[in-house]
2 protein chains.
Amino acid sequence: MSERPDRTLRRFLGYDMKRAFAAIQADVTAVLAPHGLRMLTYSVLTVIRDNPGLRQSQLSEILLIERPNLVLILDELEGLDWISRTRARDDRRAYELRVTLKGRRVCDRATAAVADHDTRMADGLTAADRQALHLALNRIESNGRSSHDDADQLSRP
Amino acid sequence: MSERPDRTLRRFLGYDMKRAFAAIQADVTAVLAPHGLRMLTYSVLTVIRDNPGLRQSQLSEILLIERPNLVLILDELEGLDWISRTRARDDRRAYELRVTLKGRRVCDRATAAVADHDTRMADGLTAADRQALHLALNRIESNGRSSHDDADQLSRP
DNA sequence: CAAGATAGTTATGAATAGTAACTAATATGC
DNA sequence: GCATATTAGTTACTATTCATAACTATCTTG
């Protein structure tokens, strides 16, 4: 086997990103586990924390999670009494999501742990490197989104 | 809903990376589909193309795929006659993996398409930006790996 | 008010990933 | 040289995540 057996793939951003993300995911999963959270439940909890009264469909748009998949996650968090679903007064189909006091403590502790993890994963990068990385990732995300939008526009009457 | 409903998560590299990678994945999946490939089958095919005679266990180490999961992927590629499994002469437990002529054509065309896709996803980034991004991603990957290694070293007698 | 749209849910399926246990072949140690 | 352990590949099974269709109950609109 040659010394760089994945040399062709290494030229692609997607490949390096998949591997870097896998490393992050493994680490953050281990960091969150003691808090009783997974990546998915943590991000849901945090977005609700930042946006009290949020509706499930808004949450699903923010985190790009299909509505049906969100239901079970919210059931789990509600079962732990970390969030509450209360019927909206102005629209009785919808729920207003809120983080409970208990959930707030869990969320804040987890956020501190994830911030530590994030710093660790960025070890060896300067603040400027990190900033550039965030910008590049946001750029790629929006490049991806805009290619979808193009297709949508073309297929629209 | 506030104007940046995921502001807390946006400070974390992992979150931006998950979203950027999701964008790449959606795009590359669409790019590969006409070639009859998925991300997984494409990367397997490409690594075999770069390393004729490779063993399944080596491949699984390179691409971080568990050996059992590789079996079905190789079955699929072998069924399409894009790769061949031939018993190794020096070790009759092992297979030597090779890309067939047919597989080579598919692989090379797919690689050209993925290279295009990669350029598109990096639109708005300079060559220096791309280079820095690769470096940062490799750094993060190795930061993740070294935290695993640390644990291994501690638990070693 | 009837028709259509929306919020949440249920049921279900596909893709990926992970573990345990098996077989056949090889390597090791007495 | 042979028993033992290890390795390569496989099978079977499980858990997660993600995606789609269809249902209910409410709301909106013509």
Side-chain angles (χ1 to χ4, degrees), chain A residues 1 14-15 18-19 21-26 28-30 32-33 36-44 48 53-79 83-98 148, chain B residues 1 14-15 18-19 21-26 28-30 32-33 36-44 48 53-79 83-98 148:
Chain A
M1 180 165 52
Y15 182 72
K18 182 171 167 60
R19 297 183 69 106
F21 179 68
I24 290 184
Q25 190 175 35
V28 84
T29 297
L32 287 172
L37 288 162
R38 307 188 304 284
M39 277 193 77
L40 214 47
T41 52
Y42 169 69
S43 45
V44 164
I48 299 173
L54 198 68
R55 311 290 162 94
Q56 294 186 195
S57 33
Q58 295 175 313
L59 180 52
S60 90
E61 275 171 34
I62 294 166
L63 287 179
L64 310 175
I65 298 172
E66 296 302 317
R67 267 153 340 236
N69 297 327
L70 203 48
V71 173
L72 291 179
I73 298 170
L74 293 173
D75 285 350
E76 182 183 335
L77 292 174
E78 195 183 24
I83 65 158
S84 65
R85 283 194 260 219
T86 58
R87 282 288 176 195
R89 240 177 310 165
D90 55 317
D91 185 346
R92 277 176 305 184
R93 293 169 301 180
Y95 287 118
E96 292 178 350
L97 302 172
R98 273 172 234 287
H148 283 301
Chain B
M1 179 166 51
Y15 182 72
K18 183 171 166 56
R19 296 182 70 104
F21 179 67
I24 289 184
Q25 191 174 36
V28 83
T29 297
L32 286 172
L37 288 162
R38 306 188 305 281
M39 276 193 77
L40 214 47
T41 51
Y42 169 69
S43 45
V44 164
I48 300 172
L54 197 70
R55 310 292 163 92
Q56 293 186 197
S57 34
Q58 295 174 313
L59 180 52
S60 90
E61 276 172 34
I62 294 166
L63 287 179
L64 309 176
I65 299 172
E66 296 302 316
R67 269 161 324 250
N69 297 328
L70 203 48
V71 174
L72 292 179
I73 298 170
L74 293 173
D75 286 350
E76 182 184 336
L77 292 174
E78 195 184 23
I83 65 159
S84 65
R85 283 194 260 219
T86 58
R87 283 287 177 195
R89 241 176 310 164
D90 56 318
D91 185 346
R92 275 175 305 182
R93 292 170 302 182
Y95 288 118
E96 293 179 349
L97 302 172
R98 273 172 235 287
H148 283 300

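Order of the sequence lines fixes the chain letters, A, B, ..., with proteins taken first and strands second; residue numbering starts at 1 for each chain.
In this entry the distance linking CD of B/Glu96 with C1' of C/dA25 reads 15 Å, nearest Å. Protein atom CG of A/Leu54 is 12 Å distant from nucleotide atom P of C/dA7, rounded to whole Å. One atom, CD1 of B/Ile83, and another, C1' of D/dG9, lie 13 Å apart when rounded to the nearest Å. Distance, B/Arg92 CZ to C/dT23 C1': 15 Å, rounded to whole Å.
A cation-pi contact, defined as under 6.0 Å to the ring centre and within 45° of the axis, links B/Arg87 to B/Tyr95.
Between the CD atom in A/Glu96 and the CD atom in A/Gln56 there is a gap of 11.5 Å [rounded to 0.5 Å]. The CD1 atom of B/Ile24 lies 11.5 Å from the NZ atom of A/Lys18; values are rounded to the nearest 0.5 Å. Note that the CG atom of B/Leu37 and the OG1 atom of B/Thr29 stand 11.0 Å from one another [nearest 0.5 Å]. Here CD1 of A/Ile48 is found 11.0 Å from CZ of A/Arg98. Values are rounded to the nearest 0.5 Å.
When side chains are defined from C-beta on, B/Leu63 counts as touching A/Tyr15, because their heavy atoms get closer than 4.5 Å. Residues B/Ile65 and B/Val44 are in side-chain contact: their nearest non-hydrogen atoms beyond the backbone lie under 4.5 Å apart.
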Could you run down nucleotides 2-7 of chain D 5' to 3' and tag each one B, S or - for protein heavy-atom contact under 4.0 Å? -----B
Produce a footprint string for nucleotides 9-19 of chain C: one letter per nucleotide, 5' end first; B if the base is under 4.0 Å from any protein heavy atom, S if only the sugar-phosphate is, - if neither. BBB----SBBB
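Distances shorter than 4.0 Å separate none of the side-chain N or O atoms of A/Arg55 from OP1 or OP2 on C/dG8.
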Tell me which donor-acceptor pairs under 3.5 Å the side chains of residues 67-77 of chain B have, and how far apart each pair is, sequence neighbours excluded?
from    : atom 1 : to      : atom 2 : distance (Å)
B/Asp75 : OD1    : B/Arg85 : NH2    : 2.1
B/Glu76 : OE1    : B/Arg38 : NH1    : 3.3
B/Glu76 : OE2    : B/Arg38 : NH1    : 3.1

